[in-house]
Every structure is written in structure tokens, then in C-alpha cells.
Chemist: 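So that we are looking at the same thing, I have put the structure below in C-alpha cells.
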Protein chains: 2
Amino acid sequence: MASLDQIAKISGYSKATVSRVLNNSPHVNPQTRDKILEIMKQLDYVPNRNAISLAKGRTMQIGVITAVINEVMLPFLNSFVKTAERYGFQSIIYITYGDEKKELQAFNDLKQKRVDGLAIVNSSINPDLIATYLKFGPIVSWQRMNHPELQWVSMDQYEGYSLALEHLLQKGYRVIANAFGRSASINTLNRRRAYEAWMKQYNLPVMSDFYYSDIHNIPDGEQVMVDLVSTGKIEHVDAILCANDYVAAGMFTQAHREGISIPNEIAIVGFDNTAISKTLGITTIDNPVKLQGENAFFILSQRLLKEPIPLHKLSYKLVERETT
Amino acid sequence: MASLDQIAKISGYSKATVSRVLNNSPHVNPQTRDKILEIMKQLDYVPNRNAISLAKGRTMQIGVITAVINEVMLPFLNSFVKTAERYGFQSIIYITYGDEKKELQAFNDLKQKRVDGLAIVNSSINPDLIATYLKFGPIVSWQRMNHPELQWVSMDQYEGYSLALEHLLQKGYRVIANAFGRSASINTLNRRRAYEAWMKQYNLPVMSDFYYSDIHNIPDGEQVMVDLVSTGKIEHVDAILCANDYVAAGMFTQAHREGISIPNEIAIVGFDNTAISKTLGITTIDNPVKLQGENAFFILSQRLLKEPIPLHKLSYKLVERETT
DNA sequence: TTGAAAGCGGTACCAC
DNA sequence: GTGGTACCGCTTTCAA
């Protein structure tokens with residue numbers, strides 16, 4: 001493998017000049033540049049990344065921490081990775097399977113300068129511990145982190161859920177069921193808070209009999225619909241709010257199988273406005289996840305780039321379709 | 001951030017000795033070691049990985065290339081990652097989403113010494129091109145690669161499929177349907193070859209009307225069962241061989257919903273012997289994917305370790321349960 | 001526009 | 001057991 005030094009010797013120029021060519025410095029004679037580039041081609045030269053990283057003190061790599069990869073975080077992940085790429089950073093993904101040891105490895109890689117920054121999709125490590133790594137490089141989280149120095153980009157789902165509730169109530173739906181995600185999560189808490197607040201405002205009873213928990217994907221959604229029908233609950237429910245569009249999709253298609261008419265017998269509202277909700281015509285809440293992915297990088301950029309990039313302003317939007 | 005040099009100065013010992021401590025060299029006075037370790041703790045010292053990589057000429061990182069991550073490759077991935085870890089190598093995952101550019105980046109990282117080796121779960125790049133990167137480091141593939149110098153660890157599914165066919169035929173099943181995966185894949189080709197060979201041997205007709213293609217997951221399996229029932233084909237079919245256990249699971253549960261009795265009305269055979277087949281009691285073919293993941297690292301180890309590790313001998317096994 | 005040389009933070013060989 | 005020192009391959013002043 002050729003090295004910069006060899007290129008210098010062969011070309012008759014100094015290492016400095018060869019380095020300038022490599023970094024597109026304007027202070028190189030075009031002919032000199034051409035000669036050197038030509039030699040590089042011939043020797044199939046590529047710079048050693050470790051040497052660059054060591055000399056520059058940065059790796060142009062960002063670690064992304066996630067327990068698993070599924071449709072829910074994929075839009076965020078894709079958006080983040082592409083944005084980082086646009087600014088010359090490569091993303092390396094740490095799949096932790098929920099194992100704290102593996103996760104700590106990512107933080108250690110920040111400390112050891114193997115990555116310049118860290119984006120957390122989800123984490124099982126104590127935020128206080130995470131914050132101690134901030135001195136080694138920037139860290140951003142998708143989900144909310146309960147620590148004053150840790151920044152995150154997802155939005156408070158209280159807002160989004162309120163949009164959905166207001167819409168349903170205005171349309172005259174009164175008995176509203178909820179299919180929540182992880183029961184212990186902040187998102188679920190906020191959704192429940194929103195639901196209960198709106199019920200109060202309309203002087204309606206809180207129907208906690210119609211709370212479903214740990215509902216995440218299509219099969220889960222199907223199961224909820226099966227339950228509603230088989231227990232006869234469906235007779236008493238006017239509408240249901242879903243953890244995400246996949247859950248809504250499962251409910252929607254299962255309803256069809258069961259011969260339930262949507263939205264007459266029950267209205268369905270998804271969350272996130274992902275492709276599937278559009279395909280099936282499901283009313284949902286637009287959650288600008290793509291922009292959140294960009295914002296995540298922008299936050300890191302505050303310490304990674306000389307010119308930090310201003311963040312997108314984010315807001316939820318109701319997308320009314322045929323299920324309400 | 002403290003450096004080795006500073007540790008040396010503060011401790012009064014030389015860089016060489018500090019380095020020895022770092023690398024657990026036996027040639028260090030225990031008291032010296034303790035003193036130096038103590039200073040390291042106090043300064044919260046961690047060695048710079050880039051410097052180590054540069055000096056050693058290796059990164060102890062292995063790149064894993066995959067288009068997406070799903071249940072099918074997860075066992076392979078997990079096994080590979082854990083095995084590599086056992087030998088001190090960290091895996092970094094390149095998710096390409098089928099984009100050749102992103103994939104080439106991984107190969108480039110090998111060339112630029114950012115990773116010491118590459119494991120390919122699936123690739124869309126021409127094997128001849130891949131082979132040109134072998135001079136920069138070891139490369140191994142899970143799936144078969146059609147190039148003399150490229151090694152892979154998955155097995156010829158002709159063998160596994162034959163086991164299933166033999167089992168069905170011996171039990172008296174005669175009309176056998178096939179739910180294949182990717183229609184253009186080598187695996188599908190081999191399975192079809194096996195099926196046709198066994199039919200010939202038993203003087204039975206090849207039922208290509210009962211070939212299903214691009215069947216990959218639970219919903220796909222459900223759909224196949226729906227089709228069999230709705231078209232009445234189920235009356236004529238004795239058994240069906242599935243692309244994998246998820247497909248079999250989808251068929252199995254859908255059969256229940258449709259009131260079809262298994263294996264009386266139709267026998268079902270899965271593939272891979274993953275957890276779900278055990279849970280549901282589905283007859284399947286044990287495919288030692290975990291060992292394939294280990295073998296993948298072992299093949300890389302031939303060029304990564306001084307003592308290469310001998311490969312596992314692999315073989316398929318029939319696992320008979322209640323669906324045949 | 002170009003070159004010389006001092007880093008970046010470790011490793012490893014050779015002395016003692 | 002310990003120290004001196006020449007690398008590893010590239011970047012980045014500082015001069016010329």
C-alpha cells in the first residue's frame with residue numbers, strides 16, 4: 001500500500017504539497033496537482049484513515065445507538081444518516097439489543113475518539129451517566145432524556161395527541177379508546193394526560209376500561225380489534241386512538257375482516273403519518289420524524305462544525321382521511 | 001484528555017513502560033504497574049484508539065454489510081458479532097438499504113484500514129469487484145458468492161430441502177406445494193431442483209401450479225393459506241414446504257382461523273428451526289445458522305489471527321413436530 | 001506556490 | 001524490569 005510519503009518522493013514534491021492536493025487546497029499549482037493526482041491513480045493510493053483521524057483529532061464518524069431496528073425508528077435513522085453524510089460524517093450503528101454493556105461500548109468509543117459524536121435512538125442507561133460523557137463529545141437523543149444538559153429532538157406527544165382528541169370530539173365522537181405503546185414510557189404518560197384533560201374539558205368520563213397497553217405493531221393492532229369485537233366492547237366505543245400507524249393499520253384491516261364498518265362503527269386515528277396510513281386512508285397525526293433526524297445532526301453540529309446549523313421548527317399536524 | 005506521554009512524565013517512567021502496563025506485559029514490576037495504573041485512574045486516562053490503530057496497523061474492527069436487518073439474518077448477525085467480540089474484534093454494521101454506493105463505502109473502509117475485515121450478509125455488488133478488495137483484507141460472505149476466491153458459510157439448501165421431502169414422502173404425502181422465497185435466488189433454485197428430483201424419483205408429477213414465489217414472512221404465509229383455501233387448492237394438496245419458519249407460522253395460524261386441520265388436511269414444514277417453530281410445534285429443518293455466524297468469523301480469523309480457528313462441520317437435521 | 005519539520009498518541013525493537 | 005527512540009501516515013504551522 002502506497003503512502004503519502006511515497007507519493008511525495010516519487011512526484012518530487014514534499015509531503016506538504018501532496019497533503020494539500022489531498023485536501024483540495026487552493027494553494028497548489030494546477031499542473032503540480034495534476035501530476036500528483038496522476039501518480040496517485042497509478043499507485044491506487046488511498047489515504048490511511050487512522051492517520052488522518054489521529055492527526056486531525058477527529059474521525060468524521062458518528063455513533064448511533066439503538067436497541068433494535070424496526071419500522072418505527074427507521075425514518076429517524078435514515079434521515080439522520082443521510083443528513084450526517086451530507087456534511088461528510090459517516091454513521092456507525094451500535095445495535096445493543098438492550099444490553100447495557102454493548103451500549104457502554106459506544107460511549108467508550110466516544111471517549112477513545114473512535115467517533116466524534118453520538119446519537120441515541122433509545123437507551124437503557126441512566127441519563128446522569130450519559131451526561132458524564134458529554135465532555136468527550138456531543139451527544140443527542142431522539143427520545144426525551146431527563147437531564148438538564150442532554151438534548152433531544154422528539155416532540156411532546158401531548159401536543160399531537162391533543163390534536164387527534166380535539167378532532168374526534170369536534171366530530172362528535174364521545175367514547176374514545178386508547179391503544180398505548182410501552183406502558184412505562186413518557187410518551188404514553190403524556191398521551192394519557194392529554195386524553196384525561198380533554199375528557200375533563202368536555203365533562204366526559206375517563207374510560208380506562210378501554211386502555212390497551214404495549215400495543216406496537218400490526219399484529220398487536222389486529223389483536224385489539226379482535227378483542228373489541230369478541231368482548232362486545234365495540235358496541236360502546238366510538239373511536240380509538242392508536243400508538244402508531246401500524247397499530248391503526250392492523251385494526252383497520254382486521255375490522256374489514258370482521259365486517260366492521262369504519263368510521264361508522266368505530267373511528268380510527270393513527271400516529272406519525274407514515275406511508276401505510278396514506279395507503280390505507282387512515283386519519284393520523286403528522287409527526288415530522290424526518291426533520292427530527294435532521295435536527296439531531298444539527299444539534300451535534302453545534303460542536304462538530306464551525307458553523308452550527310439552525311434547527312427546524314417542528315409541529316404536529318392533523319391529517320384527516322377516511323377513518324374519522 | 002491525558003495522553004500516554006503525560007502518564008509517563010507524571011509517573012517518572014518511560015512511555016515504553018507505560019505502554020507495557022497498558023498491554024499487560026509480564027515484564028513490569030508489579031509495584032511499578034500499580035503506581036502507573038493509579039495515575040491512570042486519577043487522570044481518567046483512556047488510550048486513543050486511532051493512535052493504536054495507526055501504530056499497530058489494525059483496528060480490531062470488522063465491518064458487517066447488510067441491506068436491511070430482519071429476523072431472518074438476526075441469528076447470523078448476533079452469532080457473528082458475539083464471536084468476533086470473543087476474540088477482541090468489534091463489529092460495525094453497514095446498513096446499505098440495497099444502495100451500492102453505501103456498500104462500496106464499506107469496501108473502501110477496508111482499503112483505508114478503518115476495518116480489518118468484512119462480513120457480507122447480503123450484497124448487491126458484483127462478486128468479481130468484491131474479490132478485488134481481498135488484497136486489502138479478508139472478506140467472508142454468508143450467502144454463496146459466485147467467485148473462486150470468495151468464501152461463504154451458508155449451506156446448500158438442496159440438502160436441507162431433501163431432508164424435508166424425504167420425510168414427507170415417507171409419511172405418505174404425495175402432492176407437495178412449495179412456498180419459495182426470492183424467486184431469482186440460488187436457494188430457491190436449489191430447492192426447486194431438490195423438489196423436482198424427488199418427485200422424479202417417486203414417479204410423481206411436478207406440481208408447478210402449487211409453486212408460490214416471494215413468500216418471506218408471516219403475513220405472506222397467511223396470504224398463501226388464504227389463497228389455498230379460497231381457490232379450493234387445499235383439497236388437492238397434501239403438504240407444503242415453506243421458505244422459512246415465519247412463513248410456516250403464518251400458514252399455521254391462518255389455517256387455524258380458517259378451521260383447517262393440521263396435518264390432516266395439509267401438512268406444513270418450516271425451515272431454519274427458529275424459536276417460533278418450536279413455540280408453535282411446527283416440523284422444520286434445523287439450519288445451524290448460529291454456527292455459520294461463528295464460521296464466518298473463523299474464516300476471517302485465517303488472516304486476522306496468528307492461529308486460525310478450525311471451522312465447524314455443519315449439517316441439516318430434520319426436526320419432527322406436530323405439523324407432519 | 002512550495003518545503004521543512006514538529007506534532008497527533010501510541011507501539012516495538014534494541015540496549016542496558 | 002526499564003528506557004531510548006525510530007516509526008505508523010497524515011496535518012499543519014512557519015519560512016522561504
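Each chain gets a letter, A, B and so on, in the order its sequence line appears, and its residues count up from 1.
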Chemist: Just checking, is any N or O donor in the side chain of A/Asp109 or A/Gln61 under 3.5 Å from an acceptor N or O on the other one?
Modeler: no

Chemist: Does this structure show an ion pair linking A/Lys82 with A/Glu294, if we count only N-O contacts that are shorter than 4.0 Å?
Modeler: no

Chemist: How is B/Asn23 classified with respect to the nucleic acid when contacts are heavy atoms under 4.0 Å: base, sugar-phosphate, or nothing?
Modeler: sugar-phosphate

Chemist: Closest to the A/Val28 side chain: D/dT12, C/dT11, C/dT2?
Modeler: C/dT2

Chemist: What nucleotide among C/dG3, D/dC10, D/dT11 has an atom nearest to a side-chain atom of A/Ala51?
Modeler: D/dC10

Chemist: In whole angstroms, how far is the P atom of D/dA6 from the CG atom of A/Asp5?
Modeler: 16 Å

Chemist: Mind checking if B/Leu54 touches a base, just sugar-phosphate, or nothing, with heavy atoms under 4.0 Å?
Modeler: base

Chemist: Of the nucleotides D/dT2, D/dT11, D/dG9, which one has an atom closest to the side chain of A/Asn48?
Modeler: D/dG9

Chemist: Take the protein atom NZ of B/Lys56 and the nucleotide atom P of C/dC8, then report the distance between them rounded to whole Å.
Modeler: 21 Å

Chemist: Measure the distance from CG on A/Leu4 to P on C/dC8 and round it to the nearest whole Å.
Modeler: 19 Å

Chemist: Just to be sure I understand the rule, does B/Ser53 reach a base, reach only the sugar-phosphate, or reach nothing, if contact means heavy atoms closer than 4.0 Å?
Modeler: nothing

Chemist: Separation of A/His27 atom NE2 from D/dT13 atom P, in whole Å?
Modeler: 12 Å

Chemist: Between atom CZ in A/Arg49 and atom C1' in C/dG9, what is the gap in whole Å?
Modeler: 19 Å

Chemist: With sugar-phosphate meaning primed atoms plus P, OP1 and OP2, does A/Ser19 contact a base, only sugar-phosphate, or nothing at under 4.0 Å between heavy atoms?
Modeler: base

Chemist: What is the distance, to the nearest angstrom, from the CE atom on B/Met60 to the P atom on C/dT11?
Modeler: 13 Å

Chemist: Is the CZ atom of A/Arg182 crowded by more than 12 outside heavy atoms at less than 6.0 Å?
Modeler: no

Chemist: Under 6.0 Å between the ring centres of A/Phe89 and A/Phe297?
Modeler: yes

Chemist: Please state how far atom CZ in A/Arg58 lies from atom C1' in C/dG7, giving the value in whole angstrom units.
Modeler: 18 Å

Chemist: Given atom CD1 of A/Ile7 and atom P of C/dG3, what is their separation to the nearest angstrom?
Modeler: 15 Å

Chemist: For C/dG9 and B/Ser3 - does any side-chain N or O of the residue sit under 4.0 Å from the phosphate oxygens OP1/OP2?
Modeler: no

Chemist: Base, sugar-phosphate alone, or nothing: which one does B/Val46 contact when heavy atoms must sit under 4.0 Å apart?
Modeler: sugar-phosphate

Chemist: Need to verify one output field. Residue with the more 5' nearest nucleotide on DNA chain D, B/Arg33 or B/Ala55?
Modeler: B/Arg33

Chemist: Which of the following nucleotides, C/dT11, C/dA4, C/dC8, is nearest to the side chain of A/Ala16?
Modeler: C/dA4

Chemist: Let's test your reading of the model: under 3.5 Å, does the base of C/dG3 pair with the side chain of A/Arg20 as donor and acceptor?
Modeler: yes

Chemist: Please determine whether any donor N or O and acceptor N or O are separated by less than 3.5 Å between the side chain of A/Lys15 and the base of D/dG9.
Modeler: no

Chemist: How about A/Ser124 and A/Glu103: does a side-chain donor come under 3.5 Å of a side-chain acceptor?
Modeler: yes

Chemist: Looking at B/Asp116 and B/Arg303, does any basic side-chain N land under 4.0 Å from a carboxylate oxygen?
Modeler: no

Chemist: Between C/dG10 and B/Tyr45, is there an OP1 or OP2 to side-chain N/O distance shorter than 4.0 Å?
Modeler: yes

Chemist: For a quick test of reading the model: is some side-chain N or O of B/Thr17 closer than 4.0 Å to OP1 or OP2 of D/dG3?
Modeler: yes

